[in-house]
*Asks:* 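What follows is a structure written as structure tokens; I'll ask about it next.
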Number of protein chains: 2
Amino acid sequence: MRIGELAERAGMTTRTLRYYEARGLLPARRTTNGYRAYDEEDLRLLEQIRTLRDFGFGLEETRPFVECLRAGHPAGDSCPASLEVYRSKLAELDDCIARLHAVRQQVGADLARAELEASVAEPRCEWSTHPQETPDTTPVERTERPTP
Amino acid sequence: MRIGELAERAGMTTRTLRYYEARGLLPARRTTNGYRAYDEEDLRLLEQIRTLRDFGFGLEETRPFVECLRAGHPAGDSCPASLEVYRSKLAELDDCIARLHAVRQQVGADLARAELEASVAEPRCEWSTHPQETPDTTPVERTERPTP
DNA sequence: TCTGGCGTTGACGTCGGGGTCAAGGTCTAA
DNA sequence: TTAGACCTTGACCCCGACGTCAACGCCAGA
């Protein structure tokens, strides 16, 4: 299998696969003409990388899982190094969530206070119809990396 | 006040102040010899920026607050544009927290499963003293931007 | 007068995860 | 034979918020 086919089957670009190879994450055999040659095993490795990447793991953090698979283990998380990455990721997530919670509390409180002061400064009829300013342009920003 | 003094009083570097000026966030008067000249008002603006930045607001998100202060309002969040930034930040935080929660659940479950499988494969005495591997090198990574 | 400590601008580096050319080699079907 | 679809390497670009370095100007104290 050449790089184009693997990229398509893995749902990645050829650039990404070359990048992974340059980082030593996915070394490739070569055919006589210099083309990269991959097999089904490489597809499994890529799926492992993809799963972790979608969870917000950095590339380096996927390395233990990939090496675990290449070492012949049935799953990428069958090795101690992978478990350690899991654990540190959990700690990182908990820390991040806690900080975001604290910030959310503070920003929410600041907003409430500022809204109160604004309503005092310019008393509009709060109990009448409140036209819901700008509810249409919801900046949902489609979900990407969880920015861990 | 020149840039060095302001930077020190605001707890920032001169590079940061020049960067803010380049972004149009903190324009500076100039003395006859070309040096930047600041006053106490600029210190207030910087403190506003700093507060928001510490909460994870991007530079552009601090702009409405800074302009609100420069317009003579008592607080940076006295203007509608600032409130709108508060609101979108809240939504962003809620979204981010929810995603991190989901990821945390999944990673936690994966870790538990992998640990279980590991303990089945290599049964060590779980009920005896468990030496708490590597609890000393806590990768706390001193608190920075909440990466919103 | 010299030294050292400020100030100035401009340019480039950082970090991650690739995107986007450019210039050329290789293979296959028509 | 030739088009066009694939492959190769190398190089530069992107985001944000600055850090770092270079080369120079300005000013005060010894």
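Labels below follow one simple rule: chain letters A, B, ... track the order of the sequence lines, proteins then strands, and each chain is numbered from 1.
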*Asks:* Please answer whether the main-chain N or O of A:S78 pairs with a side-chain N or O of A:S82 as donor and acceptor at a distance below 3.5 Å.
*Replies:* no
*Asks:* If only atom types and distance count, is the side chain of A:Q105 paired as donor or acceptor with the main-chain N or O of A:A102 below 3.5 Å?
*Replies:* no
*Asks:* Whole-Å distance between C:dC27 P and A:E5 CD?
*Replies:*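 Computing the A:E5:CD to C:dC27:P distance gives 17 Å.
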*Asks:* Provide, to the nearest angstrom, the distance between the OH atom belonging to A:Y35 and the P atom belonging to C:dT28.
*Replies:*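 So the OH-P distance, A:Y35 to C:dT28, works out to 9 Å.
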*Asks:* Rounded to the Å, how far apart are B:L46 CG and D:dC18 P?
*Replies:*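 Nearest whole value for this atom pair: 11 Å.
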*Asks:* For DNA chain C, what residues of residues 21-29 of chain A have any heavy atom nearer than 4.0 Å?
*Replies:* none
*Asks:* When you get a sec, tell me which of D:dA17, C:dT8, C:dG7 is the closest nucleotide to the side chain of B:L59?
*Replies:* D:dA17
*Asks:* B:R53 has an atom CZ; how far is it from atom C1' of D:dA17, in whole Å?
*Replies:*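 Taking atom C1' of D:dA17 as the reference, CZ of B:R53 is at 9 Å.
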*Asks:* Measuring to OP1 and OP2 of C:dG25, would you say a side-chain N or O of A:N33 lies under 4.0 angstrom away?
*Replies:* no
*Asks:* Hey, is the side chain of B:R30 poking within less than 4.0 Å of OP1 or OP2 on C:dT9, counting only N and O atoms?
*Replies:* yes
*Asks:* According to a strict under-4.0 Å criterion, is B:R2 in side-chain N/O contact with OP1 or OP2 of D:dC26?
*Replies:*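 Looking at the OP1 and OP2 atoms of D:dC26, neither is under 4.0 Å from any side-chain N or O of B:R2.
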*Asks:* Are any of the side-chain nitrogens in B:E21 or B:R29 under 4.0 Å away from the carboxylate oxygens of its partner?
*Replies:*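 Judged by the 4.0 Å cut-off on N to carboxylate O distance, B:E21 and B:R29 do not form a salt bridge.
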*Asks:* Which whole-number value in Å describes the distance from A:R63 CZ to C:dG17 P?
*Replies:*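 After rounding, the gap between these two atoms is 11 Å.
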*Asks:* Linking I/L/V/M/F/W/Y whenever any side-chain heavy atoms sit under 4.5 Å apart, do B:L59 and B:L6 land together?
*Replies:*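 The answer is yes; both residues are in one hydrophobic cluster.
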*Asks:* Nearest to the B:Y19 side chain among D:dA17, C:dG17, C:dT9, which nucleotide is it?
*Replies:* D:dA17
*Asks:* Which one, C:dT8, C:dG17, D:dT8, comes nearest to the side chain of A:R36?
*Replies:*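 Comparing C:dT8, C:dG17, D:dT8 against the side chain of A:R36, the answer is D:dT8.
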*Asks:* Under 3.5 Å between N/O atoms: give me all the protein pairs with nucleotides 19-23 of chain D, atom names plus distance.
*Replies:*
residue : atom : partner : partner atom : Å
D:dG19  : OP2  : B:T13   : OG1          : 2.8
D:dG19  : N7   : B:R15   : NE           : 3.2
D:dG19  : O6   : B:R15   : NH2          : 3.1
D:dT20  : O4   : B:R15   : NE           : 3.0

*Asks:* Membership question, hydrophobic clusters at under 4.5 Å side-chain separation (ILVMFWY): are A:L45 and A:F65 in the same one?
*Replies:* no
*Asks:* Do we get A:K89 above A:F57's six-membered ring, with its NZ or CZ under 6.0 Å from the centre and within 45° of the axis?
*Replies:* yes
*Asks:* Does B:D94 have any side chain to side chain contact (heavy atoms under 4.5 Å, CB included) partners at least two apart in sequence or in another chain, and if so, which?
*Replies:*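 With neighbours one apart ignored, the set is A:R104.
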*Asks:* Taking the side chain from B:T14 and the backbone from B:G4, do they hold a donor-acceptor pair closer than 3.5 Å?
*Replies:*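 Side chain of B:T14 to backbone of B:G4, a donor-acceptor pair under 3.5 Å: no, none is there.
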*Asks:* Given atom OH of B:Y20 and atom C1' of D:dC18, what is their separation to the nearest angstrom?
*Replies:* 8 Å
*Asks:* For the pair made of CD in B:E8 and P in C:dG5, what is the distance, rounded to whole Å?
*Replies:* 15 Å
*Asks:* Whole-Å distance between D:dC7 P and A:R18 CZ?
*Replies:* 8 Å
*Asks:* For the CD1 atom of B:I3 and the CZ atom of B:R36, what is their distance to the nearest 0.5 Å?
*Replies:*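 The CD1 atom of B:I3 sits 5.0 Å away from the CZ atom of B:R36.
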